[in-house]
Q: 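First the structure, then my questions, so here it is.
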Amino acid sequence: MSYAICGKCEKEYKTQNGYLNHTCDVTGFTPTEPEHQGEQFVRQSIAAHKRGGSKKNAKVIKGLEKKLDSGIPHEVSNKIRADRVKNKKAQRVKKREKLEAKIAKKADKKK
Amino acid sequence: MATVEIAESNGAGETVTSGINDTDVGSVDSANLDPVANPIQPGNNSFEKWQRFNVTNMGTSSEVKNLKIWASGSPTGSDSHVTNARETTYGGSETYATPTDANSTVATQAMPTTEPSGANLGIGGSLTGALTATGYSDYLVHQLQVDAGTTTGTTYNVNYQYDVVA
């Protein structure tokens, strides 16, 4: 693996731990928190814990449902999120092109 | 509480995008791609998707297991959505290979359109496997193969399900 990218803020990390410990600019959460993925994932998490059964899970489910009731604060509109992602992608492509041009120039000089 | 997301691998060097927003398929090998800007031409295939469940936090839970993948809906006309996910004759853990838009040799069975009765994606190469710490499942590989007569696309959901044991 060359590097890991956060699917939300598009920041790149050399290690999985680096990714897991970052606080995402877009969501305001770390990837270890279910809120990082948004409301739909919190609902999926509740369903997964329900299928798992047990009293211990019931406590977790209660906590997650409470989070849903109070609203997921980072829920930005899909359009804003898509625009952010598009801009960052364009910036990354530009950066890569610049770097490739620099490498090509260096190689020409060597010749 | 266990936290689980979907990670997608792309490119020759395996770039992993964690916490993907969607699983749209298209004519480029990219996570979170725009299918309108990257349409699949009739008679061609999408690039394969290489995705994994990524447990980012076990919390107080002991196991994440019973991974199920299925689609709620079907592709257009004679198009086929194929995958390596299956309940019988599971091929085990696949080794990552650069996604291709040629006919997939890994995703060779139709994507189920109803919830499988048991796990159809493994952990550690086994359908009965479980994650007891942060980490990845086996790769889910899937591809859309578009018929030569197809003129319009369609939208449907792919479900990624897991169970959490306290």
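This is a predicted model, so every value here is computed, not measured. Each chain gets a letter, A, B and so on, in the order the sequences are listed, and its residues count up from 1.
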Q: Look at the side-chain heavy atoms of Ile, Leu, Val, Met, Phe, Trp and Tyr, link any pair under 4.5 Å apart, and say whether B:Leu131 and B:Tyr90 land in one connected group.
A: yes
Q: Atom CD in B:Glu8, atom CD1 in A:Ile5: separation rounded to 0.5 Å?
A: 10.5 Å
Q: Kindly check if the number of other-residue, nucleotide or ligand heavy atoms within 6.0 Å of NZ (B:Lys68) is above 12?
A: yes
Q: Should A:Glu33 and B:Thr3 be marked as a side-chain contact (heavy atoms from CB on, under 4.5 Å) after you check the CA-CA gap, both sets of side-chain angles, and the distance that decides it?
A: CA-CA 6 Å; A:Glu33 298 169 291; B:Thr3 307; 5.8 Å; no
Q: Can you get from B:Val4 to B:Met58 by hopping between Ile, Leu, Val, Met, Phe, Trp and Tyr side chains that sit under 4.5 Å apart?
A: yes
Q: Among B:Thr60, B:Asn57, B:Thr56, who wins on heavy-atom pairs under 4.5 Å with chain A?
A: B:Thr56
Q: Starting from B:Val106, can I reach B:Met111 by hopping between I/L/V/M/F/W/Y residues whose side chains sit under 4.5 Å apart?
A: no
Q: Using 0.5 Å steps for rounding, measure from the CG atom of B:Asn32 to the CD atom of A:Glu10.
A: 7.0 Å
Q: Side-chain contact, heavy-atom cut-off 4.5 Å: B:Gln161 with A:Arg51?
A: yes
Q: Where on A:Ile61 is there a heavy atom nearer than 4.5 Å to chain B: the side chain, the backbone, both, or neither?
A: neither
Q: Would you give the length of the straight line joining atom CD of B:Glu5 to atom SG of A:Cys6, rounded to the nearest 0.5 angstrom?
A: 8.0 Å
Q: Would a single hydrophobic cluster contain both B:Tyr96 and B:Val141, if residues Ile, Leu, Val, Met, Phe, Trp and Tyr are joined by side-chain heavy-atom contacts under 4.5 Å?
A: yes
Q: Just to verify, which of B:Asn54, B:Val16, B:Thr134 counts as forming a side-chain contact (heavy atoms from CB on, under 4.5 Å) with A:Gln16?
A: B:Asn54
Q: Any link between B:Leu127 and B:Leu140 through a network of hydrophobic side chains (Ile, Leu, Val, Met, Phe, Trp, Tyr) touching at under 4.5 Å?
A: yes
Q: Quick one: of B:Ala7, B:Ser61, B:Ser30, B:Ala2, who has the most non-hydrogen atom pairs under 4.5 Å with chain A?
A: B:Ala2
